[in-house]
Amino acid sequence: KTIALFFPSEEDSLLHPETREILAGPSIGEEAKKAVQELIRGSGKGYISPLPPETKLRQLFVTKDGVAYVDLSREVMEKHPSGSSAELATVYSIVNTLAYNFKPIKKVFLLVEGSEKEPLGGHLNLSEPFVPLLSLNAR
């Protein structure tokens with residue numbers, strides 16, 4: 001299955017699409033896991049990696065009402081570059097990639113080590129689910 005991953009760029013404040021092939025899975029949750037793992041692997045076209053490469057995807061599941069819960073390892077906080085724009089890029093790379101590729105996903109909850117955390121790098125509140133901001137995606 002071909003999906004589009006969205007990566008930040010040094011050129012502008014938009015998220016740029018990069019296509020990847022993933023194995024079609026038995027569920028949206030399984031395919032969404034593969035998409036997040038590809039984001040962690042980083043860009044093949046020189047875009048900025050939205051997540052530290054040491055980050056692990058601990059769990060991902062999608063509820064019947066379209067909320068994806070993405071549980072990342074603590075490295076996402078410990079090794080994350082500082083700044084509100086880096087934090088925004090990380091959050092919306094994940095949220096927009098999932099919502100764009102998997103239509104049943106309407107909101108994304110980001111967890112770190114299984115629980116809601118204070119802001120990732122001090123700016124965005126992770127205690128509420130994020131709705132996609134597809135306007136951040138480059139055309």
Side-chain angles (χ1 to χ4, degrees):
K1 177 175 182 173
T2 302
I3 61 169
L5 304 175
F6 290 94
F7 291 98
S9 167
E10 291 183 13
E11 307 294 312
D12 54 33
S13 59
L14 298 174
L15 298 172
H16 295 263
E18 185 173 311
T19 57
R20 293 274 167 89
E21 296 291 320
I22 62 167
L23 287 173
S27 68
I28 285 175
E30 289 301 313
E31 290 180 358
K33 280 181 192 176
K34 292 175 183 150
V36 172
Q37 288 165 338
E38 288 297 317
L39 277 175
I40 292 169
R41 280 185 48 204
S43 171
K45 293 184 176 178
Y47 295 123
I48 298 168
S49 186
L51 295 153
E54 304 86 356
T55 304
K56 303 278 186 282
L57 175 61
R58 297 180 69 234
Q59 186 60 261
L60 189 152
F61 64 92
V62 181
T63 65
K64 287 182 178 61
D65 57 348
V67 180
Y69 286 81
V70 179
D71 183 13
L72 301 168
S73 65
R74 68 181 175 279
E75 288 81 6
V76 72
M77 291 180 80
E78 292 173 353
K79 302 193 185 283
H80 195 272
S82 60
S84 58
S85 59
E87 197 172 326
L88 204 69
T90 293
V91 168
Y92 284 103
S93 284
I94 297 168
V95 173
N96 288 3
T97 292
L98 293 177
Y100 181 87
N101 292 291
F102 309 105
K103 298 302 179 215
I105 296 177
K106 307 290 183 226
K107 296 179 182 177
V108 178
F109 232 122
L110 295 175
L111 305 171
V112 179
E113 294 292 330
S115 61
E116 298 168 16
K117 291 292 181 195
E118 291 304 307
L120 192 60
H123 301 94
L124 295 177
N125 182 353
L126 299 184
S127 67
E128 297 287 329
F130 290 91
V131 294
L133 275 180
L134 299 178
S135 61
L136 292 175
N137 294 353
R139 303 273 174 243

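- Of the inter-residue distances, the one linking L14 atom CG with S135 atom OG reads 9.0 Å to the nearest 0.5 angstrom.
- For Y47, the OH atom sits in a packed shell: over 12 heavy atoms of surrounding residues, nucleotides or ligands are nearer than 6.0 Å.
- Minimum interatomic distance between A35 and F102 (heavy atoms only, all atoms of both residues): CB-CE1, 4.0 Å.
- Taking the six-membered ring for Trp and thresholds of 30 and 60 degrees, F109 and Y69 have nearly parallel ring planes, at less than 30 degrees apart.
- Residues L72 and I94 have side chains in contact (heavy-atom distance under 4.5 Å, counting atoms from C-beta outward).
- Between S93 and F7, the shortest heavy-atom contact is OG-CA, 4.2 Å.
- The local environment of CD in E21 is crowded, with over 12 non-hydrogen atoms from other residues, nucleotides or ligands closer than 6.0 Å.
- In summary, of the residues considered (V67, L98, T97), a side-chain contact (heavy atoms from CB on, under 4.5 Å) with I105 occurs for L98 alone.
- Closest heavy-atom contact between H16 and S9: CD2-CB, 3.3 Å.
- In this structure, CG in L136 is found 6.0 Å from CG in L88, a value given to the nearest 0.5 Å.
- The distance from the NZ atom of K56 to the CG atom of L51 is 12.0 Å, given to the nearest 0.5 Å.
- Taking 4.0 Å as the cut-off between side-chain N and carboxylate O, E31 and K34 do not count as a salt-bridged pair.
- How far CG of L133 is from CG of N96: 6.5 Å, rounded to the nearest 0.5 Å.
- To the nearest 0.5 Å, atoms CZ (R41) and CZ (R20) are separated by 5.5 Å.
- If you run side-chain contact (heavy atoms from CB on, under 4.5 Å) between L60 and each of L111, D71, V36, only V36 comes through.
- Salt bridge status for E18 with K45: absent, with no side-chain N to carboxylate O gap under 4.0 Å.
- Ion pairing between K79 and E75 fails under the 4.0 Å rule for side-chain N and carboxylate O.
- A138 and P17 get closest at one heavy-atom pair: O-CD, 4.1 Å.
- For the pair E113 and R58, the salt-bridge criterion is met [side-chain N within less than 4.0 Å of a carboxylate O].
- In this structure, F130 and Y92 have perpendicular ring planes: the angle between them is above 60°, well past the 30° mark.
- Applying side-chain contact (heavy atoms from CB on, under 4.5 Å) to L5 and the options L15, L39, T19, I22 leaves one that passes, L39.
- To the nearest 0.5 Å, atoms CG (N101) and CD1 (I28) are separated by 11.0 Å.
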